[in-house]
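Atoms within each ligand, like the ligands themselves, are counted from 1 in listed order.
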Amino acid sequence: MSKIVAAAAIRGARAITKEAEDSLKKAIAERGPETKIGFPDTAFFLPMANALLGLEVKTLKEALVPLNYAKSLLPAVPKDNLWLPYLGDALDAGIATLLSEEIIVVLRYLYNQEPQADCNGFFTDTTIRSLGIQLVDGRMPGFAAILGAAPTNEIAVEIVRQLQERNILIFVGSSSNGRSIIDQLKESGVEMGWDTYIVPYGRDTTTAIYPLNWAIRSAMTFGGIKAGQARKCLLYTKERVFAFGLALGLVDDLKYATGAGAINMGFPVIADTDIPEIKPSGITTYEALVKEFDYKKIVQRCIEVRGVRVKVSKIPIPVLYGAAFEGERVRREQLYCEFGGKSSQAFELIVTRDSDKIEDGKITLVGPDIDQLPEGKKSLPLGVLVEVAGRKMQKDFEPILERQLHRFFNYCMGVMHIGQRDINWIRISKDSHAKGLRIKHLGIVLHAMIHQEFGAITDKVQVTLFTNQEDVDRELAEARRVYVERDERLSGITDESVDTFYSCELCQSFAPNHICVITPERVGLCGAYSWLDTKAAYEIAPAGGNKPIAKKECIDPVSGEWASVNEYVNMRSNKAVERFSLYSIVNNPTTSCGCFECILAFVPEANGIMIVHRDFSGMTPCGMTFTTLAGSVGGGIQTPGFLGVGKIYITSKKFISADGGLRRIIWMPKDLKVSLGEKLVKMAEEIGEPGLVEKIADETNATTTEELLPFLEKVKHPALTMPPLI
Ligand code: SF4
Ligand code: ZN
């Protein structure tokens with residue numbers, strides 16, 4: 001270890017620990033030792049202190065414990081002639097820095113000084129969980145934390161674009177020479193936020209703790225590691241969280257100290273200045289501290305140093321392409337041309353053809369392109385017809401492929417896609433048009449992406465794009481016929497009508513004992529996988545995360561228990577789970593990983609069950625918020641009385657049918673009722689309880705059991721007269 005680096009890191013650590021101590025003393029003097037402190041929406045208190053020391057810091061007084069621990073770690077600053085053979089001292093300084101920074105920022109929350117303008121501030125538990133799937137399936141291969149500022153705004157933009165194109169989530173912040181990359185990106189009109197994969201944390205180095213205390217929580221959330229198991233947490237982040245730091249501009253003492261903290265977590269730091277490098281150390285997978293002066297190469301260098309596995313698909317179109325652009329909007333001011341929505345009629349359809357009827361790679365535009373728009377016009381009708389052929393292609397896969405069109409369109413920078421089928425809506429931005437993007441490129445994208453992601457079932461992909469009104473009208477009539485036929489076929493598929501269910505084991509990488517058993521009437525709890533999806537996934541990639549489970553030896557049709565399912569689950573859950581009831585929350589309910597869209601919880605006072613969804617941050621009648629509930633339900637265990645489910649399952653006939661189904665539901669947030677809409681109303685009618693939806697309380701009637709019970713009595717909720725649940 002370079003002694004220059006060690007000395008700088010130790011100096012930085014001493015200074016920041018002193019700052020934490022001064023701020024904490026001041027806060028205790030001003031507000032009193034018992035004053036509550038904490039970050040918004042987290043079950044992990046001060047996450048670093050929680051993960052590394054097992055502490056649950058809730059008050060100013062309790063913050064003294066991690067502070068004193070940090071102080072005890074502080075090594076002396078080495079003299080110039082002293083040789084430090086090990087990283088040891090600098091690493092301790094790094095841990096002291098993380099603990100101190102966390103105290104400083106939580107105090108800023110107490111004084112309403114965080115989040116800073118245009119910044120996210122503390123990253124909540126919800127953001128970890130909602131990124132869960134993307135982290136697992138490789139759509140998001142890594143994280144970059146950028147500190148400082150690039151020499152010019154153009155270079156700043158160039159660096160984040162390169163990272164975006166590789167789908168790397170980017171945290172931007174800190175400053176060098178009084179300048180922050182946040183402002184460089186802002187001035188260049190770069191859209192920032194979770195949707196665009198560019199998240200500003202704060203303009204000083206202390207706030208770099210946000211991405212780090214976010215990363216450490218993933219060890220506890222997804223790795224099932226207990227608070228206080230410091231070594232395990234740090235190993236987990238090294239092995240599972242592909243993060244790195246990128247220091248732009250001068251690296252001062254505090255950046256060295258924070259960098260030393262990151263290195264403890266296995267995250268290397270790459271700088272664009274002449275710093276002393278630290279070669280392989282064992283703490284990080286490859287190098288720990290590296291310099292790279294060439295901005296064209298710096299992103300590639302980061303990726304190599306951290307060992308990030310990036311799947312880049314180079315598609316020959318004139319704009320950037322990647323998942324990072326999926327959430328980007330095209331607003332009215334940026335609008336060059338749109339299709340569908342309120343402006344015109346559009347549709348998209350994927351159909352299967354005989355192989356000799358189509359030609360692979362043939363992209364045809366019938367009608368004018370967007371550069372032939374009449375003066376003052378900003379919209380065109382658009383029909384997108386994708387014809388595919390393949391020996392393993394099945395009609396049932398068409399809707400699955402079709403649903404991906406949304407993503408494939410949105411990955412184009414400057415293209416926004418909303419909706420599906422004949423209610424789709426596509427916008428193209430002025431910038432992208434200026435770069436040369438034309439309608440035909442959309443066809444090129446679809447052809448390339450279908451081959452790339454569904455190569456196992458599609459041999460040929462042909463795309464025809466229609467922009468004349470009469471062609472769109474004619475093709476649309478045919479498309480609508482196909483939509484209706486599909487819906488009729490799919491609505492006929494029930495749990496009884498099939499002989500195979502499917503497993504989904506994708507979440508085992510972070511919840512090793514968890515399995516979703518997916519049936520036609522019960523989606524995976526993340527809501528992302530239906531029975532058809534898993535069936536298709538299995539046929540496309542038999543070695544993947546979805547396996548067929550033959551439906552054999554029914555033990556109980558009411559609770560939904562099959563011997564073959566139990567056997568499979570037992571085998572694949574490392575023998576942790578013996579029985580699964582697919583339709584019950586009480587007896588041997590299924591396990592929950594952490595990705596559930598909604599949580600069901602038994603409310604004994606009301607003899608019923610409440611539901612809360614992920615986006616609802618308020619209090620619920622069981623006395624817990626979604627986040628707190630999620631902490632006790634997740635991790636791949638069975639928790640009778642609690643269950644994670646996919647949203648759409650609520651409107652299924654098999655929805656906890658063993659426990660009384662929808663009739664048991666006594667509370668759910670208003671937003672959830674609205675988003676389930678007609679489907680919920682219809683299901684209530686089908687079970688012979690018209691008007692049930694109004695009898696289900698929401699946060700406007702009750703947020704405690706004291707408020708809930710009188711409401712349920714007043715509306716004569718059926719749950720009150722049902723047999724006891726337990
Ligand atoms: Fe994870 Fe279940 Fe969703 Fe599969 S279906 S990704 S196992 S939550
Ligand atoms: Zn999951």
So if I count the atoms of ligand 1 from 1 in the order they appear, which ones are less than 4.0 Å from some heavy atom of Cys504? 4 (Fe), 5 (S), 6 (S), 7 (S)

Does a side-chain N-to-carboxylate-O contact under 4.0 Å join Glu686 and Lys679? no

Taking only Lys NZ, Arg NE, NH1 and NH2, and the carboxylate oxygens of Asp or Glu, determine whether Glu685 and Lys682 approach each other closer than 4.0 Å. no

For Gly524, the ligand 1 atoms with a heavy-atom partner under 4.0 Å come out as 5 (S)

Pull out every atom of ligand 1 sitting under 4.0 Å from any heavy atom of Cys593, numbered as shown with elements. 8 (S)

Would Arg486 and Glu402 pass as an ion pair if we require N to O under 4.0 Å? yes

Does NZ or CZ of Arg522 fall inside the cone over Tyr649's six-membered ring, less than 6.0 Å from its centre and within 45° of the axis? yes

Cys516 neighbourhood, listing ligand 1 atoms whose heavy-atom distance to it stays under 4.0 Å: 2 (Fe), 5 (S), 7 (S), 8 (S)

